[in-house]
Undergrad: 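One structure is given below, represented as structure tokens, and several questions about it will come after.
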Amino acid sequence: GFGGLYAAKALGPAPVQVTLIDKRNFHLFQPLLYQVATGTLSPADISSPLRAIFSENKNTQVLMDEVVDLDPQQKRVMLRHQELAYDTLIVATGVSHHYFGNDHWKTTAPGLKTVEDALEMRRRIFMAFEAAEKETDPEKRRAWLTFVIVGGGPTGVELAGAIAELAFNTLKQDFRNIDTRETKILLLEGLDRILPPYPPELSQKAEHSLTQLGVTVQTKTMVTDIENNIVTFQREGQIEQIPARTILWAAGVKASNMGQVLAERTGATLDRAGRVFVEPDLSLPHHADIFVIGDLSHFAHQEGKPLPGVAPVAMQEGEYVAK
């Protein structure tokens with residue numbers, strides 16, 4: 001991710017030996033995944049091979065592997081296929097989707113964290129229009145032309161806007177039996193406004209922009225069930241249901257398993273999402289040789305609330321720790 005990438009890049013000129021470990025051998029520009037999911041970009045446009053990025057850094061080795069455990073006393077990390085010794089460890093393994101105990105919704109409502117997720121979303125979005133074109137039953141056709149996005153954070157807002165652009169502009173001339181402008185796009189958010197981590201005036205602006213695009217924004221709306229292509233949600237004490245053949249998940253994140261490993265091995269404290277509380281220098285308490293950066297870290301030393309899980313924060317933390 002951005003944290004590890006920027007830390008390793010900043011250490012390129014240093015008289016040290018750097019090992020970068022990742023499950024993938026490419027860096028993914030995650031902020032643009034929603035454009036792959038809606039067909040605007042191809043995966044190659046937002047992926048860069050890690051070895052090519054670091055080919056000039058002669059002190060840097062890239063290993064395609066996965067860290068599964070850690071021994072802070074012996075200063076060793078256990079990978080799937082080997083062990084490595086370290087002097088300083090930087091952990092930047094990020095976050096994944098959080099279904100709040102409803103992991104069985106994963107197949108019905110995919111999230112957006114990987115290239116594979118984006119391609120699956122793209123397949124579902126475009127197949128919905130194709131299925132609607134062939135459907136003669138008006139009710140079933142409406143369900144194919146209804147898109148429900150759960151979660152009004154940055155990913156949900158971007159997805160809703162991009163699908164609206166597709167339906168109301170890009171595809172409007174391309175079909176004969178359906179009018180894609182009849183598409184219904186619902187963005188459901190549990191809190192009282194979309195983009196909750198941002199200032200209220202920006203949330204208002206975003207909601208206004210989405211409404212102008214044709215998105216229906218519903219706040220204070222909690223999804224309680226997703227089954228048989230029907231989304232059940234609670235809003236102002238009322239239970240409502242909407243048939244939708246395309247349901248996309250953008251509600252909440254949980255920390256990678258490395259958070260749990262760090263808690264067990266170092267006694268680090270985790271927040272509710274599993275992120276690791278760090279010191280002002282991003283190290284772990286009592287472990288000055290282990291740093292946690294990016295979305296996995298809970299840094300609340302500035303305004304009492306954690307820094308947001310966005311790329312610029314991870315980039316700056318990576319460069320700071322390298323320094």
Side-chain angles (χ1 to χ4, degrees), residues 1-36 40-70 72 75-96 112-119 255-258 261-262 276 278-279 281-284 287-297 299 307-323:
F2 287 103
L5 186 81
Y6 273 69
K9 280 178 76 172
L11 287 167
V16 294
Q17 183 185 331
V18 180
T19 306
L20 181 67
I21 305 158
D22 200 308
K23 289 189 288 189
R24 297 291 178 89
N25 62 357
F26 58 88
H27 172 69
L28 182 67
F29 194 88
Q30 262 195 1
L32 289 179
L33 263 181
Y34 78 97
Q35 293 204 17
V36 175
T40 312
L41 294 175
S42 86
D45 294 330
I46 62 166
S47 309
S48 305
L50 287 171
R51 296 187 186 283
I53 293 171
F54 291 102
S55 61
E56 300 292 308
N57 293 18
K58 300 307 176 193
N59 68 345
T60 305
Q61 181 186 20
V62 176
L63 291 182
M64 186 176 162
D65 211 326
E66 183 180 2
V67 176
V68 292
D69 208 347
L70 170 67
K75 299 183 75 155
R76 300 185 74 79
V77 288
M78 289 70 172
L79 313 185
R80 286 245 176 255
H81 305 105
Q82 59 177 309
E83 285 187 21
L84 289 179
Y86 67 84
D87 296 307
T88 304
L89 180 65
I90 300 172
V91 185
T93 49
V95 292
S96 60
L112 187 61
K113 285 286 175 201
T114 66
V115 167
E116 288 82 359
D117 292 339
L119 292 174
S256 81
N257 294 336
M258 275 304 291
V261 170
L262 288 167
V276 183
V278 293
E279 298 285 276
D281 68 347
L282 294 159
S283 68
L284 293 187
H287 291 275
D289 55 349
I290 300 177
F291 297 87
V292 182
I293 62 174
D295 289 359
L296 184 62
S297 78
F299 183 98
L307 293 172
V310 293
V313 171
M315 293 171 182
Q316 290 172 43
E317 288 179 345
E319 289 180 338
Y320 168 80
V321 165
K323 209 171 189 175

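Below, all heavy atoms of this structure are taken into account, side chains as well, without hydrogens, waters or symmetry copies.
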Undergrad: Quick one: CD on Q30 to CG on D295, what's the gap to the nearest 0.5 Å?
TA: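 The CD atom of Q30 sits 7.5 Å away from the CG atom of D295.
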Undergrad: Atom CD in Q35, atom CG in D45: separation rounded to 0.5 Å?
TA: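 Q35 atom CD to D45 atom CG measures 9.5 Å (nearest 0.5 Å).
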Undergrad: Quick one: pull up CG in L284 and CD1 in I290 and give me the separation to the nearest 0.5 Å.
TA: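 So the CG of L284 and the CD1 of I290 are separated by 5.5 Å.
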Undergrad: Looking at residues at least two apart in the chain, or sitting in another chain, which of them share a side chain to side chain donor-acceptor pair (under 3.5 Å) with E279?
TA: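 Applying side chain to side chain donor-acceptor pair (under 3.5 Å) to E279 gives none.
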Undergrad: Kindly say whether V62 contributes a backbone atom to a donor-acceptor pair with the side chain of R51 at under 3.5 angstrom?
TA: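 Yes; judged by distance alone, with no hydrogens or angles, the pair exists.
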Undergrad: Would you please name every residue forming a ring pair (Phe, Tyr, Trp, His ring centres under 6.0 Å) with F291, sequence neighbours left out?
TA: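 F291 satisfies ring pair (Phe, Tyr, Trp, His ring centres under 6.0 Å) with no other residue.
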Undergrad: Between L32 and V36, is there a side-chain heavy-atom distance shorter than 4.5 Å?
TA: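 They are not in contact (no side-chain heavy atoms under 4.5 Å apart), so the answer is no.
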Undergrad: For F299, what residues pass the ring pair (Phe, Tyr, Trp, His ring centres under 6.0 Å) criterion, not counting sequence neighbours?
TA: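 Counting only residues at least two positions away or on another chain, F299 forms a ring pair (Phe, Tyr, Trp, His ring centres under 6.0 Å) with H301.
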Undergrad: Please name the pair of heavy atoms, one in A118 and one in L112, separated by the smallest distance, quoted to 0.1 Å.
TA: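 A118 and L112 have their closest heavy atoms at CA-CD1, 3.6 Å.
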Undergrad: Please round to the nearest 0.5 Å and tell me the distance separating atom CG of D69 and atom CG of L79.
TA: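 The CG atom of L79 is 10.5 Å from CG of D69, to the nearest 0.5 Å.
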Undergrad: How many angstroms lie between atom CG of D22 and atom CE of M64, to the nearest 0.5 angstrom?
TA: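 So the CG of D22 and the CE of M64 are separated by 8.5 Å.
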Undergrad: Can you sort out the partners of F29 under ring pair (Phe, Tyr, Trp, His ring centres under 6.0 Å), two or more places apart, ordered by chain and number?
TA: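 F29: ring pair (Phe, Tyr, Trp, His ring centres under 6.0 Å) contacts with F2.
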Undergrad: What distance separates S96 OG from N257 CG, expressed to the nearest 0.5 Å?
TA: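 Interatomic distance, S96 OG to N257 CG, rounded to 0.5 Å: 7.5 Å.
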Undergrad: Are any non-hydrogen side-chain atoms of I293 and Y320 less than 4.5 angstrom apart?
TA: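 Of all side-chain heavy-atom pairs linking Y320 with I293, none is under 4.5 Å.
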Undergrad: Taking the side chain as every heavy atom from C-beta outward, state whether L5 and L50 have any atom pair closer than 4.5 Å.
TA: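 Yes. Closest side-chain heavy atoms under 4.5 Å.
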Undergrad: Are L63 and L84 close enough, and set up right, to give a side chain to side chain contact (heavy atoms under 4.5 Å, CB included), and what steps lead you there?
TA: CA-CA 11 Å; L63 291 182; L84 289 179; 3.8 Å; yes
Undergrad: Any donor-acceptor pair under 3.5 Å linking the side chain of E317 with the backbone of G294?
TA: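 Checking the backbone N and O of G294 against the side chain of E317, a donor-acceptor pair under 3.5 Å is found.
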Undergrad: Please table the atom pairs, donor to acceptor, closer than 3.5 Å between any side-chain atom in residues 8-20 and protein atoms at least two apart or in another chain.
TA:
none

Undergrad: When you look at CD of E116, are more than 12 heavy atoms from neighbouring residues, nucleotides or ligands closer to it than 6.0 Å?
TA: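 Check passes, neighbour count above 12.
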Undergrad: Could you walk me through whether L262 and V91 satisfy the side chain to side chain contact (heavy atoms under 4.5 Å, CB included) test, starting with their C-alpha distance in whole Å, then the side-chain angles of each, then the deciding distance to 0.1 Å, before giving a yes or no?
TA: CA-CA 9 Å; L262 288 167; V91 185; 4.2 Å; yes
Undergrad: Return the minimal non-hydrogen interatomic distance between A322 and A7, and the atom names on each side.
TA: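 Taking every non-hydrogen atom into account, CB-O, 3.6 Å.
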Undergrad: Given 3.5 Å as the limit, does a donor-acceptor pair link the side chain of D65 with the main chain of I21, or not?
TA: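 No, because the side chain of D65 does not come within donor-acceptor range (under 3.5 Å) of the backbone of I21.
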Undergrad: Do side-chain atoms of N57 reach the backbone of N59 as a donor and acceptor pair under 3.5 angstrom?
TA: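 Absent.
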Undergrad: Let's go through V67 and V261 carefully: what are the C-alpha distance in whole Å and the side-chain angles of both, what is the deciding distance for side chain to side chain contact (heavy atoms under 4.5 Å, CB included) to 0.1 Å, and is it a yes or a no?
TA: CA-CA 10 Å; V67 176; V261 170; over 6 Å; no
Undergrad: Are P72 and Y86 side-chain neighbours, meaning at least one heavy-atom pair lies under 4.5 Å?
TA: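 P72 vs Y86: side chains touch.
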Undergrad: How about L28 and S47: do any of their side-chain heavy atoms sit closer than 4.5 Å?
TA: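 Sidechains of S47 and L28: in contact.
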Undergrad: Tell me, please, which residues at least two apart from D289 pass salt bridge (charged side-chain N to carboxylate O under 4.0 Å, His left out).
TA: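 D289 satisfies salt bridge (charged side-chain N to carboxylate O under 4.0 Å, His left out) with K75 once adjacent residues are dropped.
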Undergrad: Grab the two heavy atoms, one from P308 and one from V313, that are nearest each other, plus how far apart they are.
TA: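 Shortest heavy-atom contact: O-CG2, 3.5 Å.
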